[in-house]
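Report on the following structure.
Proteins come first, then strands; the chains are lettered A, B, ... in the order of their sequence lines, and each starts at number 1. Everything quoted here is computed from the prediction, not taken from an experiment. Just so it is clear, the values below take in all heavy atoms, side chains as well, and ignore hydrogens, waters and symmetry mates.
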There are 2 protein chains.
Amino acid sequence: MSTMQEVAKKAGVSKATVSRVLSGKGYVSEATKEQVYKAIEEAGYRPNLLARNLALNKSQCIGLVVTNTLYNGSYFSEILSQAAKKLADNGRQLILVDGKHSAQEEREAIQFLLDLRCDAVIIYPRFLTVDEMDEIIEQHKQPIMVVNRKLRKHQSHCIFCDHKGSGFLATKYLIERGHRAIAFITGSMDSPTAIERLSGYKEALNQYDIGVNDNLIAHGKWSPASGVAAVESLLAHREKFSAVVASNDEMAIGVMKKLNDLGISVPDEISIIGFDNIPTAPYLSPALSSVKDPVSEMISQVISRLIAMLDGGYLSKENIFISDLQVRNSVADGPFTAK
Amino acid sequence: MSTMQEVAKKAGVSKATVSRVLSGKGYVSEATKEQVYKAIEEAGYRPNLLARNLALNKSQCIGLVVTNTLYNGSYFSEILSQAAKKLADNGRQLILVDGKHSAQEEREAIQFLLDLRCDAVIIYPRFLTVDEMDEIIEQHKQPIMVVNRKLRKHQSHCIFCDHKGSGFLATKYLIERGHRAIAFITGSMDSPTAIERLSGYKEALNQYDIGVNDNLIAHGKWSPASGVAAVESLLAHREKFSAVVASNDEMAIGVMKKLNDLGISVPDEISIIGFDNIPTAPYLSPALSSVKDPVSEMISQVISRLIAMLDGGYLSKENIFISDLQVRNSVADGPFTAK
DNA sequence: TTGTACGCGTTATCAC
DNA sequence: GTGATAACGCGTACAA
């Protein structure tokens, strides 16, 4: 790899001049510009971005921390594709670091990115608590943005959406269509999202004066297989239900499969509603509807805000809260009506 | 951010000593070690990885280039999750760069990663030709690995699998179950994978003395919607068929949806087979089977090889060709038998 | 318009 | 054991 020094020598100028030509800053005569370009060409010169970043003390790179536990399925791909595209549009690159499966490892991942002198770090946390993140943000100069959590102190550094509201909405949707015995399948209960969706479900039942029946609540782990298992545990209680709210689409698909296998007609006998919207979902089954999880929007907005702050130096103090929820219907309302 | 110099001053030693303590190389007395650790703690010192990388001329980062056109769905997520995990296991990080949607942009993405002094670059190409990539590999000292293409010259820098064989397998699978009128839906025909799968289909028909009927071949674009459109164009020809080979699972799902909507029973009247295996596929429909695309294995193997070469300095000259194909069945063979 | 000299934060090679 | 000092490759005041 040839260096700037060598190019300078070839062109018969100093490296300061080469630098000026490359950056377009400062005055350089057309004649020497020519010389320099020619020398660059000949030498096959390429700038060393490490050196440049060191000198400028910034890297044009944004770090992203995502937990291992999310590393599969369309949710992960949505986070990543959105982040990579949006950053590329703004001339930055994405460095992905595995948050593994503990708070300590999430910490280390953030630290690593900061040590690499990333301009900023985005984390989709799983194990770090809100307070821990507030603390981390305080300790560092570089902006650290948190997706899908409501921070206590640094609200301008986070973005979140109304998971409780979406749990409420899904349940209400079924209630309004005549369902009374509505089962609920949770996600992993160590996830705030799972807890919020469950609480939305309970609130909806309460609001319509339907008692919460613990026999109608089963615990899943986000995966299709755990959806299958949850159905089994629900049926074991021999309690009737005409609808199921599954805390994400993957479990909803597992539920659908299991019910089909048992010869239970979906959605005629039992309706299913999920969350997240996996891309192929609209094609899957007229039996399955979902409440959209606005991950893409969260990522998109958080990056917009980040770029604005990196370029403009100003970070909006405004709270970002996405509450625009909607149910996507594969079909007309018909099939979801309780018989 | 405090620097090594400041830590040295605090500890009353030179920065050379601090460096020795940190790296664990060279002799340092226990007493001064203590001092240094204390100073590091007090100063809240963190090493600047940019500076370290510049001095060492390596970055512990591996670049990955993926085209925009792949940025969705489970295929993308499989590539990424596999790459990130495998690299993290080996203490390296993943930098993802958007290959956008042209050969030129794929070139630039590779160049950027090299300029960043990534230790190596992995590309899942879409637009660059095999010859162009062979040339790029020659021009650079850092290893550049190519996934899903057979290079002409640098075979040890690539990994690929038998897409033609899998197209053949899927078709043969149906033929052996009694089907004769088998429709085929291609992927985007600017993709080598799409072309190879089609040629496998044709070869299977030939081998069983079934003529290739152009009316039974429709062109899709990998998306579920294009699968729907392909079915429409097939039906427009008023040619009967009892089975469909769709060039990937997403299109297969579109096909299934469309046939269901038309009241055509799947798989009783028409059987469908796809490729790729999306994670939820086994839960979707007993009507859909797929031939697995070994992306994960390709990524995994190419990284193993890469790490071996980065750590050991030796790059195996052996050809890597994955030919272990298999059909995943959601169900027993029954439903796929032609009536 | 151009060149000199220094700084960015490390690592590594010497002497001491 | 430890401390100067020279790389690493680039940006940028400041001087000329």
Side-chain angles (χ1 to χ4, degrees), chain A residues 1-40 43-61 111-119 141-142, chain B residues 1-40 43-61 111-119 141-142:
Chain A
M1 284 268 98
S2 59
T3 76
M4 208 156 136
Q5 187 62 263
E6 294 168 34
V7 172
K9 199 169 155 191
K10 256 201 172 64
V13 298
S14 75
K15 64 179 180 156
T17 301
V18 177
S19 176
R20 270 189 285 261
V21 172
L22 255 51
S23 69
K25 299 189 178 233
Y27 301 93
V28 183
S29 77
E30 281 304 320
T32 49
K33 244 184 202 164
E34 284 296 315
Q35 299 288 327
V36 171
Y37 279 129
K38 215 182 100 195
I40 287 178
Y45 168 77
R46 288 261 96 209
N48 182 329
L49 262 33
L50 282 182
R52 175 181 294 171
N53 292 341
L54 177 62
L56 293 177
N57 195 32
K58 59 177 173 176
S59 67
Q60 295 293 96
C61 286
Q111 194 53 260
F112 173 80
L113 290 165
L114 294 173
D115 292 350
L116 249 189
R117 294 302 183 270
C118 283
D119 294 344
K141 213 186 59 205
Q142 290 127 305
Chain B
M1 285 267 96
S2 59
T3 74
M4 208 156 138
Q5 186 62 263
E6 292 167 36
V7 172
K9 200 169 154 189
K10 256 202 172 64
V13 297
S14 76
K15 61 181 180 159
T17 302
V18 178
S19 176
R20 269 189 286 262
V21 173
L22 255 52
S23 69
K25 300 191 176 228
Y27 300 94
V28 183
S29 76
E30 282 303 319
T32 48
K33 245 182 201 166
E34 285 296 314
Q35 298 289 326
V36 171
Y37 278 129
K38 216 181 99 196
I40 287 179
Y45 168 77
R46 287 261 96 207
N48 183 329
L49 262 33
L50 282 183
R52 175 178 295 171
N53 292 341
L54 177 61
L56 293 176
N57 195 33
K58 59 177 173 175
S59 67
Q60 296 293 94
C61 287
Q111 195 53 260
F112 173 81
L113 290 165
L114 294 173
D115 291 351
L116 250 188
R117 296 302 184 269
C118 283
D119 295 343
K141 212 185 59 207
Q142 290 127 305

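- Scanning residues 21-34 of chain A for heavy-atom distances under 4.0 Å to DNA chain D yields an empty list.
- At least one donor-acceptor pair closer than 3.5 Å links the side chain of Gln142(B) to the backbone N or O of Cys118(B).
- Under the 4.0 Å criterion applied to side-chain N and carboxylate O atoms, Glu6(A) and Lys9(A) are not assigned as salt-bridge partners.
- A donor-acceptor pair under 3.5 Å links the side-chain atoms of Arg117(A) to the main chain of Asp115(A), judged by distance alone.
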Restricting both atoms to N or O, compile the protein contacts to nucleotides 6-10 of chain D shorter than 3.5 Å, with distance only.
| from | atom 1 | to | atom 2 | distance (Å) |
| --- | --- | --- | --- | --- |
| dC10(D) | OP1 | Tyr45(A) | OH | 2.6 |
| dC10(D) | OP1 | Asn48(A) | N | 3.1 |
| dC10(D) | OP2 | Met4(A) | N | 2.6 |
| dC10(D) | N4 | Lys15(A) | NZ | 2.7 |

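- In this structure, Arg20(B) places its CZ atom 11 Å from C1' of dC14(C), rounding to the nearest Å.
- A distance of 15.0 Å separates OH in Tyr27(A) from OG1 in Thr17(A), rounded to the nearest 0.5 Å.
- Rounded to an integer number of Å, the gap from Asn53(A) CG to dG9(C) P is 13 Å.
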Residues 47-55 of chain A, side-chain donor-acceptor partners within the protein, below 3.5 Å, at least two apart:
| from | atom 1 | to | atom 2 | distance (Å) |
| --- | --- | --- | --- | --- |
| Asn48(A) | OD1 | Leu50(A) | N | 2.8 |
| Asn48(A) | OD1 | Ala51(A) | N | 3.2 |
| Asn53(A) | ND2 | Leu49(A) | O | 3.1 |

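- The shortest distance between the side-chain N/O atoms of Thr17(A) and the OP1/OP2 oxygens of dG3(C) is below 4.0 Å.
- Put simply, CD1 on Ile40(A) and CZ on Arg46(A) are 9.5 Å apart, with the number rounded to the nearest 0.5 Å.
- The distance from atom NZ of Lys9(B) to atom C1' of dG9(C) is 16 Å, rounded to the nearest whole Å.
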